[in-house]
Amino acid sequence: YTSIGGGMLLLNMMFGEVTPGGVGTGLYGILVLATLSVFLAGLMVGRTPEYLGKKVEAREVKLAMLALLVFLLGYLISGPALRPLNSVMQGAQTVARSSDPRFRLAKGSGNDELGRLNETFNAMLESLETSAVGRESALGSEREARIAAENAVGALEQSENRFRRVVESRVVGVMIARSDGTISYANEALLNMLGYEAGSDPMSETSLVGKLWVALTPPEFAARDEAATAELISTAKIAPYEKAYLRADGSTVPVLIGATLLEGTELEVAAFVLDITERRRAEETVRVGEAQARALSEAQRRFVADAAHEL
């Protein structure tokens, strides 16, 4: 703080006291009202009025009345001039309380500084309204994008849960192979189907993980596997077809297999394998039954023909 700064502060306080609506120290108003009050009280009791040890005479009363008239005259003069400013101030308070930028001040008739201030305030409110509309639109778009993302995440979780249930089931064998044909994963159903052990060392003979996919296929199905590989490259999937897989003990098991490419950072293939041994046995039983029926029918036909010939 400096002496000049303190003097400016006192000067502003004095101007604020005599300016209608200003914020000052209140000293001038107190002195004027106290002087008039003491003077009127002295007249009522019939004695010379005194205030702070000093007689209140005609000079002091005249100055107090002059100050009061100046206050009233300043209020009457500054009222119309401050009305536009009060309107702007009330408009700003209305916008601040309601947070509604659609409020507008009434257009003034003049083209002076106050009229331009009115127009500038309305332009600011229009800009705020435009920003609010854009913000609401952006929030709406963000809300829709968030809902879409939540729905997509929910759908992905449901798909993953369904896939996990299929993988963990003991009905369908599932294996995942890398682009070089190395098996990186096999579920328990596939391990039991092919006679391999779960959790064994990938380098051991009893482990299916780490083996090549083609090593499980008997030579007679090599051509069919090549056609399936070409189909996978062109369509990203393999339609189910029947073949056989080599078990760990060297025997074969008939299977129905289908595959699809997995999307990700690394190219992988997921294959679904179904053991169709029981179906093959049922088909063989039906085939044998049909052959026996045909043989019986042929024997009956020959018997009837021989009997007719003898007769």
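- Looking only at side-chain heavy atoms (C-beta outward), Glu268 and Tyr185 stay at 4.5 Å or farther from each other.
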I'd like a table of donor-acceptor pairs (distance under 3.5 Å, sequence neighbours excluded) in which one partner is a side-chain atom from residues 32-51, with atom names and distances.
| unit_1 | atom_1 | unit_2 | atom_2 | d |
| --- | --- | --- | --- | --- |
| Thr35 | OG1 | Leu31 | O | 2.7 |
| Ser37 | OG | Leu33 | O | 2.7 |

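- Salt bridge present: Arg281 and Glu278 bring a charged side-chain N and a carboxylate O closer than 4.0 Å.
- Look at Arg178 and Asp180 and you find no salt bridge, because none of the NZ, NE, NH1 or NH2 atoms lies under 4.0 Å from a carboxylate O.
- Asn187 places a side-chain N or O within donor-acceptor distance of the main-chain N or O of Val172, the cut-off being under 3.5 Å.
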Side-chain atoms of residues 215-238: list all donor-acceptor pairs with protein atoms under 3.5 Å, sequence neighbours left out, distances to 0.1 Å.
| unit_1 | atom_1 | unit_2 | atom_2 | d |
| --- | --- | --- | --- | --- |
| Thr217 | OG1 | Asp225 | OD2 | 2.8 |
| Thr217 | OG1 | Lys243 | NZ | 2.7 |
| Asp225 | OD1 | Tyr241 | OH | 2.8 |
| Asp225 | OD1 | Lys243 | NZ | 3.2 |
| Asp225 | OD2 | Lys243 | NZ | 2.8 |
| Thr229 | OG1 | Asp225 | O | 2.9 |
| Glu231 | OE2 | Ala239 | N | 3.1 |
| Ser234 | OG | Ala230 | O | 3.1 |
| Ser234 | OG | Glu231 | O | 3.1 |
| Thr235 | OG1 | Glu231 | O | 2.7 |
| Thr235 | OG1 | Lys237 | O | 2.9 |

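- Hydrophobic clustering keeps Met175 apart from Leu212 (ILVMFWY residues linked when any side-chain heavy atoms are closer than 4.5 Å, directly or through intermediates).
- Taking each heavy atom of Thr252 and Ala244 in turn, the nearest pair found is CB-CB, 4.4 Å.
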Can I get a per-line list of side-chain donor-acceptor pairs under 3.5 Å for residues 57-65, giving both atom names and the distance, sequence neighbours left out?
| unit_1 | atom_1 | unit_2 | atom_2 | d |
| --- | --- | --- | --- | --- |
| Glu60 | OE1 | Glu57 | N | 3.0 |

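- With hydrophobic clusters built from ILVMFWY side chains whose heavy atoms lie under 4.5 angstrom apart, Trp213 shares a cluster with Met193.
- Nearest heavy atom pair, residue Gly210 against residue Thr182, reads O-CG2, 3.7 Å.
- Among all heavy-atom pairs drawn from Val253 and Leu194, the shortest one is CG1-CD2, 3.7 Å.
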